[in-house]
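Throughout, protein chains are lettered first and strands after them, A, B, ... in sequence-line order, and every chain is numbered starting at 1. Note that the structure is a prediction, hence the values are computed from the model and not measured.
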4 protein chains.
Amino acid sequence: MKVTIWNEFRHEKENPKVEEIYPKGIHDTLSQFLVEAGLDTQTATLDEPEHGLTDEVLEETDVLVWWGHKAHHEVEDTIAEKVKVRVLEGMGLVVLHSGHFSKVFKKLMGTTCDLKWREADDKERLWVVDPSHPITAGIGEYVELEKEEMYGEHFDIPVPDELIFVSWFEGGEVFRSGATFKRGQGKIFYFRPGHETYPTYHNNEIQRIITNGVKWAASSKSIKPTYGNKQPLEKIAEKG
Amino acid sequence: MKVTIWNEFRHEKENPKVEEIYPKGIHDTLSQFLVEAGLDTQTATLDEPEHGLTDEVLEETDVLVWWGHKAHHEVEDTIAEKVKVRVLEGMGLVVLHSGHFSKVFKKLMGTTCDLKWREADDKERLWVVDPSHPITAGIGEYVELEKEEMYGEHFDIPVPDELIFVSWFEGGEVFRSGATFKRGQGKIFYFRPGHETYPTYHNNEIQRIITNGVKWAASSKSIKPTYGNKQPLEKIAEKG
Amino acid sequence: MKVTIWNEFRHEKENPKVEEIYPKGIHDTLSQFLVEAGLDTQTATLDEPEHGLTDEVLEETDVLVWWGHKAHHEVEDTIAEKVKVRVLEGMGLVVLHSGHFSKVFKKLMGTTCDLKWREADDKERLWVVDPSHPITAGIGEYVELEKEEMYGEHFDIPVPDELIFVSWFEGGEVFRSGATFKRGQGKIFYFRPGHETYPTYHNNEIQRIITNGVKWAASSKSIKPTYGNKQPLEKIAEKG
Amino acid sequence: MKVTIWNEFRHEKENPKVEEIYPKGIHDTLSQFLVEAGLDTQTATLDEPEHGLTDEVLEETDVLVWWGHKAHHEVEDTIAEKVKVRVLEGMGLVVLHSGHFSKVFKKLMGTTCDLKWREADDKERLWVVDPSHPITAGIGEYVELEKEEMYGEHFDIPVPDELIFVSWFEGGEVFRSGATFKRGQGKIFYFRPGHETYPTYHNNEIQRIITNGVKWAASSKSIKPTYGNKQPLEKIAEKG
């Protein structure tokens, strides 16, 4: 199972505060704990040719993790479309935090994916509402983050297939923070936390959830459905 | 409540068989029974300027009914995008039959919306699987159509919010024929029957279902959510 | 459309604080605003013969509203079963607050319906997560209650068909506060607020939501499905 | 992972036709292919003390498979209740065919679980509608059974969390044949085929689906939620 971690990788180079938390980039931190969990990873970033997402890379990827924020518009439409097509063909997708506004996620959801937000050191508490879901394995009843960006409802997404986490924010809001969607043959996990100015991806429980999510999103390698004009399987009566 | 019925209106002008069934166009037949049900309708067709879907028309439309088939690609991207945006803002949408492949529906679903099909005079029987849904009001346990085009699973759509009808086809297939989706503030009803060479839209039960669907899709005029940067509603503690 | 409001009606007689808020009982307050909204109501309480829920009353009831708390165990099993059967036959059901632990709701859900709780004057803010739902008509983005009992996740219910409200609590919890379920032909709306020691049912927005919920839960009078042994609709081939 | 297969085991002893197909009982056939798939199984039957479902057996069972038909009423209420409680605590449950009318399944669903049926050698074709679900791994687009009992809609169950298979029947009906439900901590898979007079459980594809279902239903061993009275996690302001 091959996991490709895509990161915009701009904040880390432009903001010393972010660089301090993620010196080699958010993708590197994500990769480290996924590798420790036994997964085979590679990384790709915005400023590489084709954003690092060549046909070969996409073809061999079982699950793609996506982190982007300030440069969603710099992702080329053709690449975003290719990623979407690969998801529909069965590649798993884990969309983190501000990836809610990525071209890929918006194309797959069909909605604006808009939300409320605030950068004010809110405490966040992610409550498990689907405790038998494999993505929650090894987690307690909630995960607490001392400081995070706030995301608040209404979150303009389709009704999720599964709602796993709901966040409480110190400033008074709630948010559907962990949700799954199937699109085509692909499984998608959206997970809210991870603003670049906080050390969220160094948190063990957050790491566990992302690892669980990556494993969950991997395809079960089902046979592909066929489409188009089909001969009947049963005799059709002649009609007047 | 204003209903706009959009029709491609090409088959009726090019195929005498279709013209015989729908002499003034499918949109005219749809309009007639919706008017009889007390609704205020107008029509729009592909070959009108802006496909008949000007900003003014879209603005005043509460529910848009969509029938298209052979010329989906001729619908301008900008118009398709405008329709999508209006749905997300709260306009209802009833997508009929081959409209599953329209630009508007595919943009809203995020998937290929592909399916199996066959033009072979299959008998179709639409079974009600959600008998308390208002869209089924006045309908029996199933609706039978002597001859229709077959649409078969897998239908590549997101899991519907509500599954209302499942079709049985004489040639051996099944299909999720009636399904609802919420996207943004808009309510969407996809309803399968209505191939142009059959008199399906003259069937009283089909008319009843479409009428119910139009009424269901109308907005409940809720207050619009707001998005973006927000002040806290509660005091946030200073942190180190 | 006939609405029957069922209330345990014990706290009001035993606790002066509750009596002050609801001098004629919670059922009376609920009835008053539903009548003002144009609905035809009647009430029933635990200590009446058959808890006020005779066969005649149940038969004529389109939507039953249920408030109970300290005496769930005093509701006779046969009555609870009758109410459940009527819901499955198409009677709407609006379950309020501590009604989550009523025999009727637990039978219909099949789960423990357990939750976390605290009586500590938490502020509650109910956020709308399904803004196009008719139950939210006329409501803003959230409803704020200065003081309420806290209910917290995990709420042990089946995944709701529709999730409409999520509550934020001052003490740090979240809760799925408004949710709908279809069971049989019946539509069920669970709505969290309404602890007896707070004046919650005098709040205009709460009244609006309950009124919307009652209207939503009313049956669309669909034809009843039939069950049991059936003749084939198509010819079945003889097999070896 | 321990799988317990429960079988009523009456038809096999009373009907020579059934005995010929399942000489050691349906449970034995189910056990054989589950063992071949690497699972650790044991069996339990109606006529054993406590129906073979002692506290010890239930405690050690990760997934329970249930086949019953003519003697649902002979299952003691206390045993049915214990099984239900264990499911809510996290034991997986795979309900086969006429198990839709078992006490355990009806308690968990909260509905009548009624349906249409016919014993007339209908051909059945189970179409996959959720092709990325792990329960469909290794299966083609459909599974065809030459002869089976017909089950037809409306199937009076809650809306499933996931709909995986829809059956086509020769006599003209459709049925939601494979569906999943979460209840409490437990995962439930209902799978339609398997009338006792047909060799359905000897079919390789049916065996594959049941094996997949058993694996899917096993708990991911999440931490159990806690319930009841809770101290606040945040300071609650004093109010007037």
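Heavy atoms closer than 4.5 Å to chain A are found nowhere in C/K235, neither backbone nor side chain. Contacts between A/V159 and chain C at a heavy-atom distance below 4.5 Å are absent for every atom of the residue. Interface residue C/F169: only backbone heavy atoms are found under 4.5 Å from chain A. In this structure, chain A has heavy atoms under 4.5 Å from both the backbone and the side chain of C/E153.
Of the possible donor and acceptor atoms, none in the side chain of C/W127 sits under 3.5 Å from a partner among the backbone N and O of A/H154. Checking side-chain atoms of A/W168 against main-chain N and O of C/W168 turns up no donor-acceptor pair under 3.5 Å.
Contact tally against chain A (heavy-atom pairs below 4.5 Å) for C/P131, C/A237, C/G172, C/G152: the top residue is C/G172.
The number of heavy-atom neighbours closer than 6.0 Å to CD of A/E20, taken from other residues, nucleotides and ligands shown, is 12 or below. The local environment of NZ in C/K17 is sparse, with at most 12 non-hydrogen atoms from other residues, nucleotides or ligands closer than 6.0 Å.
Under a 4.0 Å N-O distance rule, the pair A/E173/C/R125 does not qualify as a salt bridge.
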